[in-house]
Amino acid sequence: MANIDLKGRDFLKLEDFTEEEILHFLDTAEQLKGFKKKGIPHELCKGKSIALIFEKTSTRTRCAFEVAAHDLGAFTTYLDPSGSQIGKKESIADTARVLSRMYDGIEYRGYGQEIVEELAKYSDVPVWNGLTDEWHPTQMLADLLTIREHFGYLNGIKLTFFGDCRFNMADSWMFAGAKMGMHITLCSSKRYFPQKDLVERARAIAAKNGGSITLEEDPKKGASGADVLYTDVWVSMGEPRDAWAERIEDMKPYQVSMDLMKAASPQAVFMHCLPAFHDQGTVIGRQVYHEFGMSELEVTNEVFESEQSIVFEEAENRMHTIKAVIACTLV
Ligand code: CP
Ligand code: NVA
């Protein structure tokens, strides 16, 4: 831990970091979480300024960045999906060069990974990926910390992801798990399996760390013996509204239910990056119910509200881990 220096680094995807560097983020987050709980001030970034660009909506990521920055003594500016010139009147390259004259760090949430990569290329200050279609690396740090807190270790943990395995969350899990020597199973029908080249890259990393990546179509087999059952929304931000009809049909067998939880290890936990469609408490949840008759989608309300569900510990850890990313890369 002593020799790890991440100052000035971008945080674009976990694949760019070594296992030791990822552990350094987690250890820092654990320390900062302890300070926060005990009320010990930790204004490590006093006087720094942070720009938060959100081209997609957010609750957790935005709030985590704002609270983390505040605790660290830094100032933030929030640029919402319509409130700036980005992409419409000003290129990403120009935006990066303007913002890096004013800010010490830039968070970006948006569509293609190439946009955040371009921002980082032209920025003189660290750029942090707050979610793209391809990756969600700050979510991964929170999830790893939550699993380590719960089980006491990461190496050898069996995690099964159910749902669309071609998008940011499943792809991120392949690499986060591979780096930490975990056994990751992606469970879906074949047409939702991840791109072959990504699987090969992740498998090569997993092999070095004693982990594995498995693709599975059978939900019961996928759940069997798992320590963590993980799922995500069936239709992600930026996907068309009319994707729901087909997606519901294809994803139905992969809904995380008590039956699947029972197939997992007796001490298994349920995790979800959130937001989740587990009841009728959302506009989209109600629309989907009226149109397709399904009142719970990727997870049943019973599982979501069960003792095995650690989703709110996970959500809290978004803040502590994002704080670690800001602190480690700025000072
Ligand atoms: N998990 C997550 O990224 O949540 P938000 O979309 O609310 O930021
Ligand atoms: N796959 C989801 C993750 C949300 C945190 C999305 O991109 O909408």
Side-chain angles (χ1 to χ4, degrees), residues 11-14 29 50 52-69 76 78-81 107-113 115-116 128-147 161-176 186-188 192-195 198 228 230-241 243-244 247-248 250-251 254-256 270-278 281-285 288 297-299 304 309-323 325-326:
F11 187 76
L12 304 178
K13 58 183 192 302
L14 275 205
I50 290 172
L52 305 173
I53 306 172
F54 281 82
E55 298 208 273
K56 289 176 177 170
T57 52
S58 166
T59 297
R60 273 146 294 274
T61 310
R62 175 187 175 182
C63 296
F65 267 98
E66 293 209 11
V67 174
T76 56
Y78 172 67
L79 296 162
D80 74 14
E107 180 277 350
Y108 177 85
R109 164 174 287 199
Y111 295 87
Q113 178 72 10
I115 303 172
V116 77
W128 308 299
N129 179 356
L131 176 145
T132 56
D133 291 346
E134 289 84 353
W135 309 110
H136 197 3
T138 62
Q139 180 73 50
M140 285 301 106
L141 290 186
D143 293 351
L144 291 173
L145 180 65
T146 310
I147 294 169
F161 179 95
F162 295 91
D164 183 357
C165 300
R166 310 161 307 175
F167 220 73
N168 45 23
M169 286 307 306
D171 288 350
S172 295
W173 261 120
M174 277 199 288
F175 285 87
L186 300 184
C187 194
S188 207
Y192 292 93
F193 279 175
Q195 282 173 29
L198 285 183
V228 182
Y230 199 109
T231 190
D232 180 20
V233 289
W234 290 342
V235 176
S236 285
M237 287 184 277
E239 294 200 279
R241 168 100 185 64
W244 276 107
R247 207 60 67 77
I248 283 176
D250 294 342
M251 293 291 158
Y254 302 97
Q255 180 190 60
V256 180
F270 170 72
M271 294 179 73
H272 189 309
C273 51
L274 305 183
F277 293 118
H278 59 94
T282 66
V283 172
I284 295 176
V288 167
L297 299 178
E298 71 271 13
V299 56
F304 188 89
S309 170
I310 55 169
V311 295
F312 297 111
E313 283 80 357
E314 184 185 2
E316 176 187 332
N317 281 337
R318 296 298 310 286
M319 200 280 285
H320 305 298
T321 43
I322 279 174
K323 192 185 283 180
V325 171
I326 298 173

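When a ligand or atom number is given, it counts from 1 through the structure's own listing order. When reading the values below, keep in mind they use all heavy atoms of this one structure, side chains included, and skip hydrogens, waters and symmetry mates.
Looking at every heavy atom in both residues, Met169 comes nearest to Tyr230 through CE-OH, 3.3 Å.
Both the sub-6.0 Å distance and the 45° axial angle are not jointly satisfied by Arg62 relative to the ring of Phe54.
For the side-chain hydrogen bond (donor to acceptor under 3.5 Å, both in side chains) with His272, the qualifying choice from Glu314, Glu298, His278 is Glu298, the only one to do so. The side chain to side chain contact (heavy atoms under 4.5 Å, CB included) with Gln113 is formed by just one residue from the set Thr132, Asp171, Asp133; it is Thr132.
No side-chain donor-acceptor contact under 3.5 Å links Ser188 to the backbone of Asp164. Within the 3.5 Å criterion, the main-chain N or O of Ile322 finds no donor-acceptor partner in the side chain of Thr138.
The shortest separation from a heavy atom of Asp164 to ligand 2 is not under 4.0 Å, leaving the residue out of contact. Look at Arg62 and you'll find every heavy atom at least 4.0 Å from all atoms of ligand 1.
For atom 6 (C) of ligand 2, the candidate residues are Ser236, Ala276, Gly130; the nearest heavy-atom contact is made by Ser236. For atom 3 (O) of ligand 1, the nearest non-hydrogen atom from the set Arg60, His136, Lys56 comes from His136. Scanning Asp133, Leu131, Thr132, Asp232 for the heavy atom closest to atom 2 (C) of ligand 2 points to Asp232.
Ligand 1 has an N or O atom lying under 3.5 Å from an N or O atom of Leu274, backbone or side chain. Residue-to-ligand polar distances keep Leu131 apart from ligand 1: every N/O pair is separated by 3.5 Å or more.
Under the 4.5 Å side-chain criterion, counting only non-hydrogen atoms from C-beta, Met237 is in contact with Leu131.
Scanning the protein heavy atoms around atom 8 (O) of ligand 2, the nearest turns out to be Met237 N, 2.8 Å. Among protein heavy atoms, the minimum distance from atom 7 (O) of ligand 1 is reached at Thr59 N, 2.7 Å. For atom 2 (C) of ligand 1, the closest non-hydrogen atom on the protein side is Arg318 NH1, 3.2 Å. With hydrogens left out, the protein atom closest to atom 7 (O) of ligand 2 is Asn168 ND2, 2.9 Å, a heavy atom. Residue, atom and distance of the protein heavy atom nearest to atom 6 (O) of ligand 1 are Arg109 NH1, 2.9 Å.
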Problem set entry | Evaluation steps, salt bridge (Lys or Arg N to Asp or Glu O under 4.0 Å), between Lys13 and Glu134 | CA-CA 9 Å; Lys13 58 183 192 302; Glu134 289 84 353; over 6 Å; no

Exercise. How far apart are the C-alpha atoms of Gln139 and Arg318, what are their side-chain angles, what is the distance that settles it, and do they pass the side-chain hydrogen bond (donor to acceptor under 3.5 Å, both in side chains) test?
Worked result: CA-CA 6 Å; Gln139 180 73 50; Arg318 296 298 310 286; 3.0 Å; yes

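Which parts of ligand 2 touch Phe167 is read off a 4.0 Å heavy-atom cut-off, strictly below it: atoms 7 (O). Which parts of ligand 2 touch Leu274 is read off a 4.0 Å heavy-atom cut-off, strictly below it: atoms 5 (C).
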